[in-house]
Amino acid sequence: MKADTRALAARGLAEVALRGASLREVMERYAPRLADPRDRALLMALLSEGARWWLRFDPAIDGLLEKSLRHKDPAVHALLVLGLVQLEILELQDYAAVAATVEAVRALKRPQLAGLVNAVLRRWQRERESLLAKLDAKPQTRHAHPAWLADALQRDWPQQAETVMLADNREPPLMLRVNRQRSERATLIDQLQAAGYAATAHPWLSDALVLPHSVDVTRMPGFEDGLFAVQDGAAQVAADLADLHDGLRVLDACAAPGGKACHLLERADIELTALEFDAARAERIRQNLMRLRLNAKVVIGDAGAPKGWWNGRPFDRILIDAPCSATGVLRRRPDVRLHRRESDIAAMHAQQRRILSALWPLLAPGGRLVYITCSVLRAENEAIVGAWLAAQPDALALPFTLPVGQAAAVGWQILPGDGDLDGMYYAVLQKPR
């Protein structure tokens with residue numbers, strides 16, 4: 001019997017939104033159950049947009065029901081959220097969206113609720129304008145951001161907060177990075193265009209290609225041969241700031257899944273150590289290295305406790321892609337807004353300070369350390385680096401500018417949507433000779 005795409009999406013979304021499951025993991029587990037690529041594409045769209053807009057439509061469903069289904073029938077509650085996503089975000093034909101959603105209730109083996117689901121969606125259609133106006137009255141339901149994050153954005157970026165939240169809810173372009181060791185960007189663009197992909201060169205990132213929409217990259221020419229990797233342009237900035245040349249010893253701390261480590265290896269003939277605390281995530285580094293035909297030493301260890309893994313030889317370059325709130329990448333990882341809590345930030349502050357302090361002594365005289373987060377919160381970025389610099393006499397913050405974003409008190413901040421990139425923070429620190 002053919003699986004019902006909407007029923008699968010409802011089960012998956014309930015896992016993500018109500019049980020804390022990873023959106024990526026749910027997609028990887030559920031997609032193989034659908035044989036038709038069109039059904040898989042619809043499943044991906046429903047899961048992604050369901051997670052992105054959950055905080056807008058979840059409370060709306062509560063307002064349309066006398067008794068919440070969230071705990072008693074979580075998949076049916078998620079299906080109702082997806083009904084609104086189909087009507088308002090994916091803009092499917094009203095009749096088809098409602099009929100298919102009602103049919104999915106039966107696929108969920110809850111046929112007795114089919115009438116209720118139909119009535120809720122019909123009521124939404126009748127009262128749509130007033131219900132939307134109510135949701136639009138608060139930033140958290142207008143933009144589907146948790147209230148704490150909407151407040152933090154307003155506090156940190158009062159002029160840009162609305163723009164940031166709008167950017168978080170737009171589909172990002174697909175950005176690739178050519179593997180310089182195996183191809184040239186112009187050649188790869190020609191190959192992709194010949195295969196029907198609308199790939200173009202990024203205007204200022206020398207290794208970046210841009211496609212307007214997400215596609216299954218594993219089916220693209222050159223993927224299996226390691227000619228390219230998927231990486232947002234904001235993350236590709238790291239290789240430029242590292243100022244590489246052949247022969248350097250480089251540490252990429254907190255390296256999983258390995259995108260920045262691979263980019264560094266593509267840029268120069270270096271001796272690179274990729275450090276990762278989590279063994280399962282370290283395996284993803286190895287997989288990426290293998291596909292791209294690159295070599296690095298992958299080490300499992302705590303970046304904040306070098307005694308457990310460091311051999312005493314200093315590094316010429318260190319990248320710290322610090323654990324953070326990931327508030328800069330909500331457009332690519334919409335489930336982050338469902339799982340991150342305000343209370344998480346303090347623990348991350350401590351971790352960021354611990355790692356920066358522990359790794360600085362490993363840097364050789366004259367060496368360069370690049371501190372990175374995918375956060376837009378000042379407390380995780382310029383505040384961490386600024387306070388650390390004030391207590392570190394042998395560290396100098398190097399000034400630099402990028403074509404997009406803005407100078408922070410220390411370093412540089414790209415906000416989501418700046419140049420159509422993800423949100424990313426960078427600081428470049430140098431040790432005197």
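This is a predicted model, so every value here is computed, not measured. Heads up: numbering here begins at 1 and tracks the sequence.
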* To do: To the nearest 0.5 Å, tell me how far Asp278 CG sits from Glu283 CD.
  => 11.0 Å

* To do: Without swapping roles, check the side chain of Arg331 against the backbone of Gly328 for a donor-acceptor pair under 3.5 Å.
  => no

* Asked: Any side-chain heavy atom of Trp53 within less than 4.5 Å of one from Asn169?
  -> yes

* Within the distance-only criterion (no hydrogens, no angle test), does the side chain of Glu380 pair as donor or acceptor with the backbone N or O of Ser325 below 3.5 angstrom? -> yes

* To do: Look at the side chain of Ser357 and the backbone N and O of Arg354, then say whether any donor-acceptor pair between them is shorter than 3.5 Å.
  => no

* side chain to side chain donor-acceptor pair (under 3.5 Å) against Asp168, all qualifying residues, sequence neighbours excluded -> His145

* To do: Return each pair, listed once, that meets side-chain hydrogen bond (donor to acceptor under 3.5 Å, both in side chains) where at least one residue sits in residues 184-199; pairs must be two or more places apart or across chains.
  => none

* To do: Take Val178 and Ile189 through the side chain to side chain contact (heavy atoms under 4.5 Å, CB included) test and state the conclusion after the steps.
  => CA-CA 9 Å; Val178 65; Ile189 288 174; over 6 Å; no

* Asked: How far apart are the closest heavy atoms of Leu292 and Ala229, and which atoms are they?
  -> CD1-CB, 4.3 Å

* How about Asp420 and Pro172: do any of their side-chain heavy atoms sit closer than 4.5 Å? -> no

* Mind checking the CZ-CG spacing from Arg110 to Leu116? Nearest 0.5 Å is all I need. => 11.0 Å

* **Side-chain heavy atoms of Leu55 within contact of Arg337, under 4.5 Å** => yes

* Can you tell me how far the OG1 atom of Thr101 sits from the CG atom of Leu121, to the nearest 0.5 Å? -> 6.0 Å

* **Polar side chain donor-acceptor pair, Gln287 to Arg284, under 3.5 angstrom** => no

* Asked: Among side-chain atoms of Gln154 and Gln160, is any donor-acceptor pair under 3.5 angstrom?
  -> no

* Backbone N/O of Leu377 and side chain of Asp156: donor-acceptor pair under 3.5 Å -> no

* Mind jotting down which residue pairs meet the ring pair (Phe, Tyr, Trp, His ring centres under 6.0 Å) criterion with at least one end in residues 66-103? Sequence neighbours excluded, please. => Trp54-His77

* **Closest contact, heavy atoms only, Ile285 versus Ala274** => CG2-CB, 4.1 Å

* Examine distances only and state if a side-chain atom of Arg368 and a backbone atom of Leu241 form a donor-acceptor pair shorter than 3.5 Å. => yes

* Asked: Will you find, in the side chains of Arg128 and Gln125, an N or O donor that is under 3.5 Å from an N or O acceptor?
  -> no

* With distance as the sole test, does Gln181 use its side chain to make a donor-acceptor pair with the main-chain N or O of Glu266 at under 3.5 Å? -> yes

* Any Asn381 side-chain heavy atom under 4.5 Å of Tyr426 side chain -> no

* Taking all non-hydrogen atoms of both residues into account, name the closest pair between Ala199 and Leu209 and its distance. => CB-CD2, 4.4 Å

* To do: Report yes if some heavy atom in the side chain of Pro416 is under 4.5 Å from a heavy atom in the side chain of Asp422; otherwise report no.
  => no

* Nearest 0.5 Å please: distance from the CD atom of Gln406 over to the CD1 atom of Ile414. => 10.0 Å

* Evaluate the side-chain proximity of Met27 to Ser48: yes if any heavy-atom separation is below 4.5 Å, no if none is. => yes

* Got a sec: does the CD of Gln112 have more than 12 other heavy atoms crowding it under 6.0 Å? -> yes

* Asked: Distance-only, no hydrogens or angles: does the Asp418 side chain make a donor-acceptor pair with backbone N or O of Val404 under 3.5 Å?
  -> no

* To do: Mark yes or no for whether Gln236, through its side chain, and Leu205, through its backbone, hold a donor-acceptor pair below 3.5 Å.
  => no

* Structure fact -> Residue pairs meeting salt bridge (charged side-chain N to carboxylate O under 4.0 Å, His left out), one or both in residues 207-225, sequence neighbours left out, come to Arg180-Asp207, Asp207-Arg267, Asp216-Arg219

* Would you call Arg6-Asp4 a salt bridge at under 4.0 Å N-O? -> no

* Note, Leu251 side chain near Leu319 side chain (heavy atom, < 4.5 Å) -> no

* Are there more than 12 heavy atoms of other residues, nucleotides or ligands under 6.0 Å from atom CZ of Arg24? -> no

* Calculate, to the nearest 0.5 Å, the distance between atoms CZ and CG belonging to Arg340 and Leu149 respectively. => 10.5 Å

* To do: Mark yes when over 12 heavy atoms from residues, nucleotides or ligands other than Phe223 sit less than 6.0 Å from its CZ; otherwise mark no.
  => yes

* Write out all pairs satisfying salt bridge (charged side-chain N to carboxylate O under 4.0 Å, His left out) with one or both partners inside residues 45-62, taking only residues at least two apart or from two chains. => Glu49-Arg52, Arg56-Asp136, Asp58-Arg70, Asp62-Arg70

* Is any side-chain N of the basic residue among Asp73 and Lys67 closer than 4.0 Å to the acidic one's carboxylate O? -> no

* Asked: What is the ring orientation for Trp124 with Phe57, classed by angle as parallel under 30°, tilted 30 to 60°, or perpendicular over 60°?
  -> perpendicular

* To do: Using the test side chain to side chain donor-acceptor pair (under 3.5 Å), find all partners of His143 that sit at least two apart in sequence or belong to another chain.
  => Glu162

* To do: Sort out for me which residue in Asp344, Leu23, Val16 forms a side chain to side chain contact (heavy atoms under 4.5 Å, CB included) with His339.
  => Val16

* **Steps toward side chain to side chain contact (heavy atoms under 4.5 Å, CB included) verdict (Thr141, Lys134)** => CA-CA 9 Å; Thr141 46; Lys134 188 180 296 185; over 6 Å; no

* **Under 3.5 Å: donor-acceptor pair, side chain of Arg291, backbone of Phe228** => yes

* Asked: Does atom CD of Glu171 have more than 12 heavy-atom neighbours from other groups under 6.0 Å away?
  -> yes

* To do: Check Glu25, Arg11, Glu15, Arg40 against Tyr30 for a side chain to side chain donor-acceptor pair (under 3.5 Å) and give me the one that passes.
  => Glu15

* Asked: Taking it one step at a time, do Asp302 and Leu275 satisfy side chain to side chain contact (heavy atoms under 4.5 Å, CB included)?
  -> CA-CA 8 Å; Asp302 180 358; Leu275 178 70; over 6 Å; no

* Asked: Would you say the side-chain atoms of Glu103 pair up with the backbone N or O of Ala99, donor to acceptor, closer than 3.5 Å?
  -> no

* **Inter-residue atom distance Leu79.CG - Leu46.CG, 0.5 Å rounding** => 9.5 Å

* **Minimum-distance pair of heavy atoms, taken over all atoms of Leu264 and Ala239** => CD2-CA, 3.8 Å

* Asked: Looking only at heavy atoms, which two atoms of Ala78 and Leu13 are closest? And how far apart?
  -> O-CD2, 4.0 Å

* Is there a side-chain contact between Val336 and Thr327 (heavy atoms, below 4.5 Å)? -> no

* **Criterion side chain to side chain contact (heavy atoms under 4.5 Å, CB included) on Leu429 and Val370, from CA distance to verdict** => CA-CA 6 Å; Leu429 310 172; Val370 183; over 6 Å; no

* Can you see which heavy atom on Pro323 is nearest to which on Gln352, and at what distance? => O-NE2, 2.9 Å

